[in-house]
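Notes to accompany the following structure.
The figures here come from the full heavy-atom set of this structure, side chains too, leaving out hydrogens, waters and symmetry mates.
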Amino acid sequence: MCSASAEHQMIHVAVDHAPPYSKVGSDGDSSGLILDITRAAVADKYHIRPVPCPLSRCIRMLEQGDVDIVGGLIKTPQREANMVFVEPPYMALSSSFVFYAKKGSNMTVNRFEDLYDKRIAVMRGAAFFERFDKDSKLSKVEVTSEQVAFDLVLKDRVDLAIAVEDTAEVAMKVLKQPISQLEKMDYRFTNVIYGYMAISKDFAQSEAAQHLRDAIMEMAKSKQLDKIITPYALPPIPEHLLQ
């Protein structure tokens with residue numbers, strides 16, 4: 001168990017490879033927004049140790065208490081039962097979940113029901129919107145990253161990939177993936193999408209976790225958090241989330 005004890009003074013932060021928001025090099029070297037935020041909040045008192053892992057494993061390790069923090073998670077009732085979400089969310093996007101097909105494939109999705117005869121690449125461990133997440137009749141192909149999902153679409157191995165429109169298109173440009181070879185389907189699910197830092201239930205009981213939570217709220221209120229997220233092309237945190 002990797003809680004930040006008084007003896008070790010170490011906080012373990014899970015990092016999945018999801019450019020531009022987080023990166024894991026071939027040598028395991030990790031960087032990204034969740035590390036930037038954690039270091040700004042608590043590096044004056046605690047050591048930060050990145051733990052590289054695919055998203056699904058990062059979440060499983062958090063639930064088991066093997067890491068202390070995972071970033072960029074959408075809050076769901078199932079997740080709330082197994083982890084603690086830190087307020088406020090640092091990603092607040094008025095965006096849409098959209099479905100991408102290969103250009104020229106003659107694929108059409110005009111309503112949710114049109115998804116039923118399609119093979120859809122989804123990132124393992126990710127949450128999207130409730131109807132999509134809970135519909136067992138959909139044919140979902142789990143992959144390790146959004147990059148792999150788009151690659152499978154371009155190689156005609158799946159019909160569609162689902163992603164958050166704003167973040168996916170930023171990521172594709174960073175990864176130099178050919179977004180011009182994809183087209184968005186007409187059907188989309190639009191909502192305000194919040195991405196949170198989540199901490200393990202064990203870690204949540206620690207003095208380090210309380211220090212972290214207090215620091216992040218203070219950083220949000222002072223606008224320091226906005227300065228940290230701006231280089232990642234994310235919008236400022238809405239004022240109503242700071243009450």
Side-chain angles (χ1 to χ4, degrees), residues 14-24 52-63 70-79 82 91 93-196 198:
V15 183
D16 69 307
H17 186 62
Y21 307 104
S22 56
K23 299 177 184 177
V24 177
C53 45
L55 179 62
S56 57
R57 188 184 305 160
C58 291
I59 293 173
R60 186 166 61 251
M61 292 172 72
L62 186 74
E63 292 173 340
V70 173
L73 295 186
I74 293 173
K75 188 187 291 185
T76 67
Q78 180 181 359
R79 286 177 174 174
N82 296 308
M91 303 174 79
L93 302 167
S94 295
S95 189
S96 302
F97 290 105
V98 297
F99 295 86
Y100 293 85
K102 185 177 179 181
K103 188 167 285 187
S105 64
N106 296 319
M107 200 76 58
T108 58
V109 180
N110 297 315
R111 56 192 185 124
F112 185 90
E113 289 76 13
D114 293 337
L115 296 170
Y116 286 133
D117 61 347
K118 313 291 193 300
R119 299 182 77 234
I120 308 163
V122 299
M123 190 160 63
R124 184 178 296 117
F128 301 98
F129 57 98
E130 186 175 20
R131 184 179 182 187
F132 182 84
D133 292 340
K134 290 187 173 181
D135 197 325
S136 61
K137 298 192 297 292
L138 293 170
S139 177
K140 301 172 189 175
V141 179
E142 293 190 335
V143 297
T144 54
S145 70
E146 213 166 67
Q147 181 178 7
V148 173
F150 288 125
D151 284 343
L152 292 184
V153 171
L154 292 169
K155 293 174 182 176
D156 296 315
R157 294 178 59 186
V158 296
D159 301 308
L160 301 167
I162 182 175
V164 177
E165 184 173 26
D166 288 354
T167 60
E169 295 184 12
V170 170
M172 289 188 74
K173 290 174 183 174
V174 169
L175 293 166
K176 296 182 170 56
Q177 284 185 297
I179 193 169
S180 61
Q181 294 179 25
L182 296 171
E183 60 182 342
K184 286 178 272 193
M185 301 292 94
D186 289 340
Y187 173 76
R188 59 177 54 216
F189 181 84
T190 301
N191 202 353
V192 179
I193 300 164
Y194 295 127
Y196 287 82

Q. Are Leu73 and Leu55 close enough, and set up right, to give a side chain to side chain contact (heavy atoms under 4.5 Å, CB included), and what steps lead you there?
A. CA-CA 10 Å; Leu73 295 186; Leu55 179 62; 4.1 Å; yes
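- The 12-atom threshold is not exceeded at CD of Gln78, counting heavy atoms of other residues, nucleotides or ligands nearer than 6.0 Å.
- In plain terms, the two heavy atoms of Pro52 and Val24 that are nearest each other are CB-CG1, 3.6 Å.
- Taken from CZ in Phe128 to CE in Met123, the straight-line distance is 6.5 Å, to the nearest 0.5 Å.
- Without hydrogens or angle criteria, Asp135 side chain to Lys137 main chain gives a donor-acceptor distance under 3.5 Å.
- Using a 4.5 Å cut-off on side-chain heavy atoms (C-beta onward), Thr167 and Met91 make contact.
- Listed for the Lys140 side chain is no donor-acceptor partner under 3.5 Å among the backbone atoms of Arg124.
- Leu160 is listed as a side-chain neighbour of Leu115, based on a closest heavy-atom distance under 4.5 Å.
- Of all heavy-atom pairs spanning Glu146 and Ala168, the tightest one is OE1-CA, 3.6 Å.
- Within a 6.0 Å sphere centred on CG of Asn110, other residues, nucleotides and ligands contribute more than 12 heavy atoms.
- Closest heavy-atom contact between Ala127 and Ile74: O-CD1, 3.3 Å.
- Nearest heavy atom pair, residue Val70 against residue Cys58, reads CG2-O, 3.6 Å.
- The distance from atom NE2 of His17 to atom CD of Gln147, rounded to the nearest 0.5 Å, is 6.0 Å.
- Here the CD1-CZ distance, from Ile59 to Arg79, works out to 4.0 Å after rounding to the nearest 0.5 Å.
- Between Phe129 and Phe189, the angle of the ring planes stays under 30°, which puts this pair in the parallel group of the 30/60° scheme.
- The ring-ring contact (aromatic ring centres under 6.0 Å, His included) with Phe132 is formed by just one residue from the set Phe99, Phe97, Tyr116; it is Phe99.
- To the nearest 0.5 Å, atoms CD1 (Ile179) and NZ (Lys103) are separated by 9.5 Å.
- Judged purely by atom type and a 3.5 angstrom limit, Ser96 has no side-chain atom pairing as donor or acceptor with the backbone of Arg188.
- Both tests pass for Arg131 against the ring of Phe112: distance under 6.0 Å to the centre and angle within 45° of the axis.
- For the atom pair CG of Asn82 and CZ of Arg60, the computed distance is 13.0 Å after rounding to the nearest 0.5 Å.
- Nearest heavy atoms, Asp16 versus Pro54: CB-C, 4.1 Å.
- Residues Thr108 and Asp186 fail the side-chain proximity criterion, which asks for heavy atoms closer than 4.5 Å.
- Closest non-hydrogen pair, Leu154 versus Lys102, comes out as O-NZ, 3.2 Å.
- Rounding to the nearest 0.5 Å gives a distance of 11.0 Å between CD of Glu130 and CG of Asn191.
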